[in-house]
Amino acid sequence: MAASDHVDFATFMEGVNRRNPHQPEFVQAVQEVAEDIFDFIADKEEYHSQQILRRIAEPDRVVSFRVCWEDDNGNIRVQRGWRVQNNNAIGPYKGGIRFHPSVNESVLKFLAFEQTFKNALTGLPMGGGKGGSNFNPKGKSVREIMRFCQSFMTELFRHIGPDVDVPAGDIGVGGREIGFMFGQYKRITNHFNGVLTGKGLEYGGSLIRTEATGYGAVYFLENMLKHRGMDLHGKKAVISGSGNVATHAAEKIVQLGGKVLTLSDSGGFIHDPDGISQEKIDWVKAHKTHRRGRIEEYVEAYPAATFHAGKTPWGVPCDVALPCATQNELLGADARMLVENGCIAVSEGANMPSDLDAVHHFKAAKIMFAPGKAANAGGVAVSGLEMSQNSARRSWKEDELQAMLKDIMDGIHGRCIAYGDQGDGYVDYVKGANIAGFKKVADAMLAFGVV
Ligand SMILES: NC(=O)C1=CN([C@@H]2O[C@H](COP(=O)(O)OP(=O)(O)OC[C@H]3O[C@@H](n4cnc5c(N)ncnc54)[C@H](O)[C@@H]3O)[C@@H](O)[C@H]2O)C=CC1
Ligand SMILES: O=C(O)CCC(=O)C(=O)O
């Protein structure tokens, strides 16, 4: 294709929209990447002629299946399950499984697409995938969760494998669910291998996998601040979510001398002006993981705090913000409010929590803004380390893994600077992450020819 025949950004996006009707999350994720990639490849003929971005934005395959299970009252329930295998140019498909009523093909395609770039950024050999179901774990008994997980794996097992596709947890899927799924995989296949990550320590799991995403998001934040000669000491942090990522991000902020003011769930947010200490974080972890309670009950345990029903925490003045709940939970108006209130840095613990308007505003305001594909990559990175440990049939020590996680987060920060430094002191981390992730996957694809 001659340079003049190159498809331009608008035509490319028109095609993405046309081919993916009613999939707004997927189109949004592709647009955020394409905005940067089109500039980068403007003078790189091969990426155009080999249609690399067009190919990455078309999943290798989307498997959709029926998941039948029986509830405690003997009723037969039917859910839909999916595995989206987006791209395996640099390694086996890798990415979590989400159980939430909002899960649909668009959400999983966006997550698998993002995962492709994120996994490339870690420097480890992992392709991008994601799966899940519209099953709602809320209010279900442990036996119901177990029956659902077993039924889900009864179909999923034929599409995955330690060198094929290695799922893990995500929203609604933690250690308990991974245990039920691994048990069923082993029963069906008679194989004990590293087909899932986030496993229990007794059966092949890795130390610090549970903490890695939240800790990693704070390490990335720390790196951004350090790059500008600052640190987290005394900084006020606003965090959304109260699950795995949010509570471990809060824990690391507290360890590094910051003050955490908020946590949230789909019912609203709590604001604790005294700061959410380690003891309070432990209470939230137990409340969410064992008692499966709501965040509003925090104010009964800690009366100095207030609960704000149906609201997000972005109006609380802060120095740094970490959206750690779900996609599109931080909108353009929230971004404006954060910047006006003096927020200097945002590190995305969740996947695509900021909508496009918010991302554009953060970039225009030139605050430090780390997109999820860079900031929350610590989780999948330690999953990659779990895969290595499983292959070698050994377990590394905690301090070795902590050092590796830190090193990987430093590496991602460095890659973002390499492609995102604007030369005037401002680093466009979105651009840096998109280009660094794209380049690795694209160059592998070029090596394979047209496949
Ligand atoms: N668990 C992991 O290792 C990784 C998770 N992530 C992302 O981090 C985010 C959180 O995941 P986890 O903490 O693992 O899940 P989780 O299931 O432990 O917690 C999810 C949290 O988000 C909240 N939430 C869900 N939907 C919400 C909504 N509509 N409005 C407000 N709050 C809502 C829940 O109440 C809960 O506090 C997701 O975007 C996930 O994709 C990203 C990288 C790795
Ligand atoms: O550890 C993994 O493989 C999954 C992590 C994940 O789902 C994510 O990075 O969004």
Side-chain angles (χ1 to χ4, degrees), residues 25 84 91-103 107-108 110-119 121-122 124 126-132 136-138 160 165-178 194-199 205-206 208-217 239-250 263-270 284-285 287-289 292-296 310-313 322-330 348-354 371-387:
E25 294 87 359
V84 178
Y93 304 106
K94 179 87 195 87
I97 291 177
R98 178 178 292 191
F99 292 164
H100 193 270
S102 65
V103 166
V107 167
L108 294 176
F110 113 66
L111 288 163
F113 177 79
E114 287 285 287
Q115 198 81 43
T116 302
F117 297 86
K118 182 195 306 189
N119 293 2
L121 278 170
T122 65
L124 300 176
M126 301 182 289
K130 201 90 183 192
N136 186 359
K138 220 177 267 175
I160 61 177
D165 184 353
V166 182
D170 190 73
I171 292 179
V173 177
R176 176 180 71 177
E177 290 74 19
I178 293 290
V195 70
L196 294 172
T197 61
K199 299 186 290 299
S206 174
I208 82 159
R209 172 63 189 90
T210 311
E211 297 86 352
T213 309
Y215 281 17
I239 299 182
S240 65
S242 47
N244 172 279
V245 180
T247 52
H248 290 103
L263 287 172
S264 73
D265 64 17
S266 53
F269 78 92
I270 55 106
V284 174
K285 281 186 190 171
H287 190 60
K288 284 284 173 183
T289 315
R292 308 261 160 196
R294 308 297 301 161
I295 198 68
E296 65 177 294
K311 296 216 160 60
T312 50
L322 292 100
C324 295
T326 193
Q327 64 273 3
N328 291 330
E329 55 161 322
L330 196 165
E348 292 189 331
N351 285 307
M352 207 170 74
S354 311
K373 61 172 78 70
N376 72 36
V380 75
V382 175
S383 277
L385 302 178
E386 184 172 330
M387 289 166 70

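One-based numbering, in listed order, for ligands and for the atoms of each. Heavy-atom basis, side chains included; hydrogens, waters and symmetry copies ignored.
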for atom 18 (O) of ligand 1, nearest protein heavy atom and its distance come out as Asn244 N, 2.9 Å
Geometry only, no angles: is Gln327 polar-contacting ligand 1 at N/O separations under 3.5 Å?
no
message = Does any part of the side chain of Ile160, heavy atoms only, come nearer than 4.5 Å to the side chain of Val166, both counted from C-beta?
response = no
Original post:
Where the side chain of Asn351 meets the backbone of Gly372, is there a donor-acceptor pair that is under 3.5 Å apart?
Top reply: no
re atom 30 (N) of ligand 1, the protein heavy-atom contact at minimum distance is Ser266 CA, 3.7 Å
- Message: Geometry only, no angles: is Lys118 polar-contacting ligand 1 at N/O separations under 3.5 Å?
- Response: no
shortest atom 35 (O) of ligand 1-to-protein heavy-atom contact is with Asp265 CB, 3.1 Å
Closest to atom 3 (O) of ligand 1 among protein heavy atoms sits Thr213 OG1, 2.7 Å
| Trace of the side-chain hydrogen bond (donor to acceptor under 3.5 Å, both in side chains) decision for Glu348 with Ser354 | CA-CA 8 Å; Glu348 292 189 331; Ser354 311; 2.5 Å; yes
Under 3.5 Å, N or O to N or O, is Asn376 touching ligand 1 that way? no
* Asked: Are side-chain heavy atoms of Val107 and Arg98 found at a separation under 4.5 Å?
  -> yes
Would you say ligand 1 has an N or O under 3.5 Å from any N or O of Thr326?
-> no
Residue, atom and distance of the protein heavy atom nearest atom 5 (C) of ligand 1 read Val245 CG2, 3.5 Å
Among Ala350, Gly372, Ser242, Ala375, closest by heavy atom to atom 8 (O) of ligand 1 is Ala350
- prompt: For Gly172 and ligand 1, does the shortest N/O to N/O distance drop below 3.5 Å?
  reply: yes
Close approach, Met352 and ligand 1, non-hydrogen under 4.0 angstrom = no
Closest to atom 41 (O) of ligand 1 among protein heavy atoms sits Asp170 OD1, 2.6 Å
When distances are taken from atom 20 (C) of ligand 1, the protein heavy atom at minimum range is Ile171 CG1, 4.1 Å
Next on the checklist: Treating Lys130 as the side-chain partner and Ile97 as the backbone partner, does any N or O pair qualify as donor plus acceptor under 3.5 Å?
Outcome noted: no
Those residues with a heavy-atom separation under 4.0 Å from ligand 2 are Lys94, Gly95, Gly96, Gln115, Lys118, Lys130, Ala168, Gly169, Asp170, Arg209, Asn351, Gly379, Val380, Ser383
the protein heavy atom lying closest to atom 9 (C) of ligand 1 turns out to be Ala325 O, 3.2 Å
Closest to atom 36 (C) of ligand 1 (heavy atoms only, candidates Gly379, Gly95, Gly349, Gly243) is Gly243
